[in-house]
Amino acid sequence: TEIRVPATMLEIGVRAMREMTALESIYCYAKTPPAIYNTTFGTGTCNTVPLYVPKRVVEKYENGDYWWRFANIQPIDEYIDINDVMAFAGTRTKLNIDLSVAEPITAIEFDLFLPDWMTPASGGNNVTLAYRLGGGSAAVSVTPAGEGCWHVACQCSGTAQIAEMEGALMTLTFDVDNSQEDCYDCFAANVTVTYTDGMTDEIGGCDFEVEILDGIMGDADNSGSVS
């Protein structure tokens, strides 16, 4: 059992969670530690249950009123994740990129290391944003950054921000020009985010696989669909 305290929380009341003895983890997304009391959490909870908070404010919680009672305060993991994919030669495949951060961001950039026969889909329709912006717009670019490497950058404009901190970020479409049946190791690295206060930080990347299948039943069109 876990509890997730939203970033907007200002106060957690007296004895509010004292009787919740089955807790296994607590996530608190507030950058300013909410006001709590000596009896908000039970002693057993404070001694044994890990408390996860945004990594930029771990020290605030360690020194915060009554939050200091938690023996195990850790930063929330921040990372991107990309699904393994299967593709047929001469078609297109999609990389679904998920994001997990502890607070809203206004920009993200990373490097994709792929086989050199995978290139962004021609025609310009190779990026689909999957998140809702708080206002304004965002621009995404996919540019070559060396052999088998593509640099992906997403920058919000105006008051826009990526406020949905866990879930789908974007989908990138690539042409597949390879007829050799095999499984290829790929990865995303050098992931940097910009928070709403302008500060930047590096978050975790990921490994994934691209599997090329030999032969298909029917004909494949340029979108990767098989008929």
Side-chain angles (χ1 to χ4, degrees), residues 2 25 27 52 55 75-102 105 107-133 138-156 162-194 201-227:
E2 67 179 30
S25 58
Y27 288 81
Y52 298 93
K55 63 181 178 179
I76 296 171
D77 285 340
E78 297 183 299
Y79 56 88
I80 63 172
D81 189 42
I82 302 175
N83 63 299
D84 294 338
V85 297
M86 293 186 295
F88 295 103
T91 62
R92 289 178 173 175
T93 191
K94 297 180 183 295
L95 300 181
N96 297 316
I97 301 171
D98 291 340
L99 172 70
S100 180
V101 289
I105 62 174
I108 181 171
E109 56 183 298
F110 54 92
D111 292 325
L112 271 179
F113 292 86
L114 304 169
D116 56 12
W117 38 260
M118 283 184 67
T119 56
S122 57
N125 297 319
N126 51 39
V127 179
T128 302
L129 298 178
Y131 55 82
R132 293 190 297 273
L133 298 173
V140 180
S141 61
V142 183
T143 56
E147 184 176 356
C149 180
W150 297 90
H151 184 72
V152 182
C154 175
Q155 176 68 58
C156 297
I162 302 172
E164 295 182 4
M165 297 177 288
E166 290 190 29
L169 173 66
M170 67 176 73
T171 298
L172 302 178
T173 303
F174 284 84
D175 289 329
V176 177
D177 184 18
N178 180 37
S179 58
Q180 182 65 44
E181 182 180 11
D182 207 344
C183 192
Y184 299 85
D185 294 327
C186 308
F187 62 97
N190 307 320
V191 189
T192 301
V193 296
T194 302
D201 202 357
E202 188 167 337
I203 67 173
C206 66
D207 301 324
F208 61 100
E209 294 181 345
V210 174
E211 183 178 1
I212 301 301
L213 304 178
D214 184 23
I216 57 175
M217 296 297 292
D219 298 318
D221 63 23
N222 210 26
S223 69
S225 299
V226 179
S227 59

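- Taken to the nearest 0.5 Å, the CG atom of Asp207 stands 9.5 Å off from the CD1 atom of Ile82.
- For Glu78 (side chain) and Ala102 (main-chain N/O), a donor-acceptor pair under 3.5 Å exists by modelled atom type.
- Under a 3.5 Å cut-off, the side chain of Asp177 and the backbone N or O of Met118 do not form any donor-acceptor pair.
- Contact of the Leu99 side chain with the Ile97 side chain is not registered, since no non-hydrogen atoms from C-beta on lie closer than 4.5 Å.
- The two residues Asp175 and Ala121 make their nearest non-hydrogen contact at OD2-CA, 3.5 Å.
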Original post:
Can you list the steps and then say if Cys154 with Met170 is a side chain to side chain contact (heavy atoms under 4.5 Å, CB included)?
Top reply: CA-CA 10 Å; Cys154 175; Met170 67 176 73; 4.1 Å; yes
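- A distance of 7.5 Å separates CZ in Arg92 from OG1 in Thr173, rounded to the nearest 0.5 Å.
- Shown here are the side-chain hydrogen bond (donor to acceptor under 3.5 Å, both in side chains) partners of Tyr184, two or more places apart in sequence or in another chain: Asn178.
- Annotation: side chain of Cys183 is not in contact with side chain of Met86 (no heavy-atom distance under 4.5 Å).
- In this structure, Lys55 does not pair ionically with Asp77, as no charged nitrogen and carboxylate oxygen lie closer than 4.0 Å.
- Rounded to the nearest 0.5 Å, atoms CZ (Phe208) and CG (Leu95) are 5.0 Å apart.
- For Thr171, the side-chain hydrogen bond (donor to acceptor under 3.5 Å, both in side chains) test picks out Asn96, with sequence neighbours left out.
- Taking both residues in full, the closest heavy atoms of Pro120 and Asn126 are given as CB-ND2, 3.6 Å, listed atom of the first, atom of the second, then distance.
- When all heavy atoms of Ile80 and Ala188 are compared, the pair lying nearest together is CD1-CB, 3.8 Å.
- Within the 4.5 Å cutoff, the side chain of Leu169 has no heavy atoms near those of the Leu129 side chain.
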**OP:** Report the C-alpha separation of Leu112 and Phe187 in whole Å, then their side-chain angles, then the decisive distance to 0.1 Å, and conclude whether the side chain to side chain contact (heavy atoms under 4.5 Å, CB included) test is met.
**Re:** CA-CA 6 Å; Leu112 271 179; Phe187 62 97; over 6 Å; no
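- Shortest non-hydrogen contact noted between Ala87 and Val176 is CB-CG2, 3.9 Å.
- Rounding to the nearest 0.5 Å places CD of Glu166 at 12.0 Å from CG of Asp81.
- The side chain to side chain donor-acceptor pair (under 3.5 Å) pairs that include a residue from residues 109-118 are Glu109-His151, Asp111-His151, Asp111-Asn190, where partners are two or more places apart or lie in different chains.
- Here the straight-line distance linking atom CG of Leu114 with atom CG of Leu172 works out to 9.0 Å at 0.5 Å rounding.
- Heavy atoms only, all atoms of each residue included: Asp84 and Glu209 are closest at OD1-N, 2.8 Å.
- Shown are Ile203, Thr192, Val152; of these, the side chain to side chain contact (heavy atoms under 4.5 Å, CB included) with Phe110 is made only by Val152.
- A parallel orientation is assigned to the rings of Tyr27 and Tyr52, their planes being inclined by less than 30° (bins at 30° and 60°).
- In this structure, Cys186 and Phe113 have side chains that are not in contact, with every pair of non-hydrogen atoms separated by 4.5 Å or more.
- Side-chain contact between Val191 and Tyr79 is absent, with no heavy atoms from C-beta onward closer than 4.5 Å.
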